[in-house]
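Worth saying up front: this structure is predicted, and the values here are computed from it rather than measured.
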Amino acid sequence: MKAAIIMGSTSDLSKVEPAIEILKGKGIDVKVRCLSAHRASKQLSEFIGEINADGTEVVITAAGMAAALPGVVAAQTVLPVIGVPLSGSVLDGQDALYSIVQMPPGIPVATVAINGAKNAAWLALEIMAVKHPELREMLLAERKAMEEAALKANSEIISKYE
């Protein structure tokens with residue numbers, strides 16, 4: 001099971017690392033690259049060609065400001081692309097969010113919240129789970145654990161205030 005994560009700048013790494021950790025922690029082979037759509041377009045296209053051919057199943061892209069990276073990647077592959085808009089500009093990520101969600105028809109990019117790399121990883125796992133039953137079972141177990149934790153917290157609140 002393979003995924004790729006591409007960020008536009010090394011300054012994005014701290015916001016992307018949680019996604020890397022989640023995917024690797026679930027046994028996913030993750031290729032991580034820092035390739036700007038504007039400053040390294042040739043190398044970005046070469047990497048997209050590589051992941052188009054090597055069995056990669058989903059691509060997470062993270063970018064701020066103009067956030068062209070997710071769209072550029074989506075234009076060069078039919079793999080599912082998940083865009084993570086990043087804060088960092090004077091618009092605090094809203095510019096990136098609008099850029100990523102405004103893709104033209106036929107070139108979709110699934111988009112998560114600003115700085116939402118964790119949910120990008122979980123969404124990538126869900127996409128891969130369509131093909132891999134073991135991921136589906138793991139995700140169902142994770143959801144059950146979340147439910148149990150929420151119910152435990154509810155019980156603690158009830159006990160404290162009733």
Side-chain angles (χ1 to χ4, degrees), residues 1-37 44 47-48 51 55-89 91-154:
M1 297 175 287
K2 294 182 180 182
I5 296 179
I6 310 169
M7 67 198 93
S9 169
T10 56
S11 63
D12 303 335
L13 183 58
S14 65
K15 295 173 184 169
V16 172
E17 281 179 322
I20 298 167
E21 292 169 9
I22 289 169
L23 292 172
K24 286 188 175 241
K26 302 302 179 193
I28 307 302
D29 179 19
V30 183
K31 288 186 175 182
V32 181
R33 298 292 186 274
C34 178
L35 294 167
S36 166
L44 176 61
F47 181 64
I48 295 166
I51 62 175
T56 295
E57 297 176 61
V58 63
V59 184
I60 295 173
T61 56
M65 297 170 44
L69 181 63
V72 169
V73 172
Q76 297 181 56
T77 188
V78 294
L79 294 171
V81 176
I82 302 168
V84 181
L86 299 176
S87 61
S89 70
L91 297 176
D92 205 28
Q94 290 183 45
D95 46 355
L97 174 64
Y98 290 143
S99 177
I100 296 170
V101 298
Q102 293 296 328
M103 292 302 299
I107 313 293
V109 173
T111 310
V112 296
I114 296 168
N115 297 329
K118 287 181 181 180
N119 264 355
W122 289 109
L123 180 56
L125 289 167
E126 289 177 353
I127 290 167
M128 289 185 284
V130 170
K131 181 179 174 183
H132 302 283
E134 66 275 21
L135 280 181
R136 178 177 162 72
E137 292 305 313
M138 178 275 304
L139 288 168
L140 289 170
E142 291 276 347
R143 292 279 177 97
K144 184 68 176 164
M146 288 180 205
E147 177 187 30
E148 290 169 359
L151 292 175
K152 181 179 183 232
N154 182 53

- Query: In Å, rounded to the nearest 0.5 Å, how long is the span from CD1 of I51 to CD1 of I6?
  - Reply: 5.0 Å
- Quick one: CG on L97 to CG on L91, what's the gap to the nearest 0.5 Å? 11.0 Å
- OG of S36 to CG of L44, rounded to nearest 0.5 Å, is 8.0 Å
- Query: Quick one: CD1 on I82 to CD1 on I60, what's the gap to the nearest 0.5 Å?
  - Reply: 5.0 Å
- Message: Any heavy-atom pair between the side chains of L86 and I114 that's under 4.5 Å?
- Response: no
- Task: Specify the closest pair of heavy atoms between A74 and P108, including all atoms of both residues, with the distance to one decimal.
- Result: CB-O, 3.7 Å
- Would you list the pairs meeting salt bridge (Lys or Arg N to Asp or Glu O under 4.0 Å) in which at least one residue belongs to residues 12-29, sequence neighbours left out? K26-E142
- Task: Taking all non-hydrogen atoms of both residues into account, name the closest pair between S87 and D92 and its distance.
- Result: CB-OD1, 3.4 Å
- Closest non-hydrogen atoms of Q76 and I48, given as atom of the first, atom of the second and distance, are O-CG2, 3.4 Å
- Flag side-chain contact, heavy atom, 4.5 Å: K31 against K2: no
- T111 side chain vs V109 backbone, donor-acceptor pair below 3.5 Å: yes
- Using a cut-off of 6.0 Å, state whether more than 12 heavy atoms not belonging to R136 lie near its atom CZ. no
- Should we count CE of M138 as having more than 12 external heavy atoms under 6.0 Å? yes
- Message: Within this structure, what is the CG-CG distance for the pair L69 and L35, rounded to the nearest 0.5 Å?
- Response: 8.0 Å
- Item | K118 atom NZ, neighbour heavy-atom count above 12 within 6.0 Å | no
- Looking only at heavy atoms, which two atoms of A63 and P70 are closest? And how far apart? CB-CD, 4.1 Å
- Query: Can you name the side-chain contact (heavy atoms from CB on, under 4.5 Å) partners of L139, sequence neighbours left out?
  - Reply: W122, L125, E126, A129
- Kindly give the heavy-atom pair with the smallest separation between S9 and C34, and that separation in Å. C-SG, 3.4 Å
- One should read off an interatomic distance between H132 NE2 and I127 CD1, to the nearest 0.5 angstrom, of 12.0 Å
- Any side-chain heavy atom of M7 sitting closer than 4.5 Å to one from L13? yes
- Could you check if a side-chain atom of R143 sits within less than 4.5 angstrom of a side-chain atom of E147, using non-hydrogen atoms only? no
